[in-house]
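Have a look at the structure below, then the notes.
Hydrogens, waters and symmetry mates play no part in the numbers below; they use all other heavy atoms, side chains included.
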Amino acid sequence: MRKIVFATNNAHKMEEVAAMLGNEYRLVTLRECGITEEIPENEPTIEGNALQKARYVHERTGADCFADDTGLEVDALGGAPGVHSARYATDGHDFEANMRLLLRNMEGKSDRRARFRTVIALILDGEEYVFEGVVEGRITEQPAGDHGFGYDPVFVPEGETETFAEMAPERKNAISHRGRAVRRFADFMRLYDARTEE
Ligand code: IMP
């Protein structure tokens, strides 16, 4: 079984990604590697942040590892909150305040187009790889739904009528930015391991 460090402290993400990778892989937590400090993420892009986190863990542990970073890009706001999605309204990860600020900034705007973008940065046998997943959609006028987290209650994916927060988690995973990025990453890992076993 291949062991790989997932540079996140989010238990929810850990489970989600573990389920998609399947049981040939064992995800190692930061705590298990003795990393208890907050990993810096102060790059100006989503890809930059994902790489920064993966490199940080690789430098300290030498282990194969990956990190993800996500942003919500809203066209009418020039791509904001983007790389600042977690800290849009406050310094902490206050989902409610972020969502309220987003709806306030979108008041009166008819162009509601937006997308979630996830980048996964992987360091495997010392080489770096990047995988991206995007879902297009629009920002609603009002929040709806109790599932998920973050901006889920105000985001309706293209071709859907419900927000991410109104969908069952399996449905969200099937079409979401993170789901798409994780599947690309998982496909790559399987191919890589099949090749190196030949
Ligand atoms: P992170 O890089 O995955 O921590 O995401 C940064 C921020 O983007 C989070 O704090 C959330 O506000 C938002 N976000 C990330 N993924 C999602 C999602 O699947 N739904 C809604 N918001 C998300």
Side-chain angles (χ1 to χ4, degrees), residues 3-23 25-43 45-58 60-61 63-73 81-99 102 115-123 129-135 143 145-155 157 163-165 167-186 189:
K3 281 192 190 172
I4 185 158
V5 182
F6 185 9
T8 183
N9 284 310
N10 182 329
H12 175 83
K13 276 192 199 169
M14 199 49 123
E15 264 175 45
E16 193 177 292
V17 175
M20 286 197 228
L21 276 178
N23 44 21
Y25 298 92
R26 171 147 123 63
L27 295 188
V28 178
T29 63
L30 287 174
R31 189 171 296 275
E32 284 176 88
C33 319
I35 298 177
T36 50
E37 69 276 20
E38 198 159 327
I39 301 179
E41 44 180 315
N42 42 30
E43 291 292 317
T45 62
I46 295 168
E47 177 173 333
N49 270 343
L51 278 166
Q52 185 182 23
K53 289 187 273 189
R55 286 175 186 154
Y56 183 96
V57 172
H58 189 254
R60 273 157 191 77
T61 64
D64 292 331
C65 61
F66 67 98
D68 74 327
D69 200 59
T70 295
L72 174 66
E73 301 168 348
V83 72
H84 306 293
S85 293
R87 297 181 176 82
Y88 190 37
T90 69
D91 229 16
H93 296 241
D94 186 336
F95 293 148
E96 190 62 38
N98 286 342
M99 205 163 55
L102 178 68
R115 69 204 53 77
F116 275 114
R117 186 185 304 281
T118 292
V119 173
I120 294 178
L122 165 70
I123 305 182
Y129 306 88
V130 164
F131 309 91
E132 191 177 71
V134 175
V135 61
D146 312 308
H147 296 294
F149 68 102
Y151 300 92
D152 278 347
V154 294
F155 184 86
T163 67
F164 267 156
M167 288 177 192
E170 307 76 58
R171 176 76 193 133
K172 179 187 166 189
N173 282 345
I175 58 175
S176 81
H177 45 300
R178 197 165 24 259
R180 286 178 179 164
V182 172
R183 277 191 295 277
R184 288 197 170 128
F185 160 59
M189 288 298 295

Note: Ser176 and Gly179 closest approach over all heavy atoms is OG-N, 2.9 Å
Do Asp152 and His147 have side-chain heavy atoms sitting under 4.5 Å apart? no
* To do: List the steps, then state whether side-chain contact (heavy atoms from CB on, under 4.5 Å) holds for Thr29 with Met14.
  => CA-CA 8 Å; Thr29 63; Met14 199 49 123; 3.4 Å; yes
Salt bridge (charged side-chain N to carboxylate O under 4.0 Å, His left out) pairs touching residues 84-95, sequence neighbours excluded, are Glu38-Arg87
Sorted by chain and number, sequence neighbours left out, side-chain contact (heavy atoms from CB on, under 4.5 Å) with Pro143 holds for Met99, Leu103, Pro153, Val154
(Q) Atom CG of residue position Asn23 - does it have more than 12 heavy atoms of other residues, nucleotides or ligands inside 6.0 Å? (A) no
His177 and Thr118 have their tightest heavy-atom pair at CD2-OG1, 3.1 Å
- Would you call the rings of Phe66 and Phe6 parallel, tilted or perpendicular if under 30° counts as parallel and over 60° as perpendicular? parallel
Smallest heavy-atom separation, Arg183 atom then Asn173 atom, equals NH1-O, 3.2 Å
Fill in: Val5 side chain reached by Asp64 side chain, heavy atoms, under 4.5 Å
no
>> Check Lys3 with Glu32, please: is the shortest side-chain N to carboxylate O separation under 4.0 Å?
In response: no
For side-chain contact (heavy atoms from CB on, under 4.5 Å), just list the numbers for Asn42 and Gln52, CA-CA rounded to whole Å, side-chain angles, deciding distance to a tenth of an Å, and then say yes or no. CA-CA 8 Å; Asn42 42 30; Gln52 185 182 23; 2.8 Å; yes
In this structure, CE of Met189 is separated from CG of Leu122 (nearest 0.5 Å) by 6.0 Å
Heavy-atom nearest pair, Ala86 first then Asn98, reads O-ND2, 3.1 Å
So the salt bridge (charged side-chain N to carboxylate O under 4.0 Å, His left out) pairs with at least one residue in residues 5-17 (sequence neighbours excluded) are Lys13-Asp68, Glu16-Arg178
Closest non-hydrogen atoms of Gly133 and Ala181, given as atom of the first, atom of the second and distance, are N-CB, 3.6 Å
Across all chains, not counting sequence neighbours, the ring pair (Phe, Tyr, Trp, His ring centres under 6.0 Å) partners of Phe95 are Phe149
By side-chain contact (heavy atoms from CB on, under 4.5 Å), Asp69 pairs with (sequence neighbours left out) Glu41, Ile46, Asn49, Ala50, Lys53, Val83
Could you walk me through whether Ile120 and Val17 pass the side-chain contact (heavy atoms from CB on, under 4.5 Å) test, one step at a time? CA-CA 11 Å; Ile120 294 178; Val17 175; over 6 Å; no
With sequence neighbours left out, the residues meeting side-chain contact (heavy atoms from CB on, under 4.5 Å) with Ala7 are Leu30, Ile39, Val57, Ala67
Is the closest side-chain heavy-atom distance between Ile123 and Arg55 below 4.5 Å? yes
Between Cys33 and Val28, the two heavy atoms sitting closest are SG-CG1, 4.0 Å
Q) NE2 of His84: more than 12 outside heavy atoms within 6.0 angstrom? A) no
Quiz prompt | Heavy-atom donor-acceptor pair, Arg60 side chain to Tyr56 backbone, under 3.5 Å | solution = yes
*Decide yes or no for Tyr88 and Leu72: does some side-chain heavy atom of the first lie under 4.5 Å from some side-chain heavy atom of the second?*
no
Looking at Arg117, is its backbone amide N or carbonyl O close enough to the side chain of Glu73 to form a donor-acceptor pair, meaning the two atoms are under 3.5 Å apart?
no
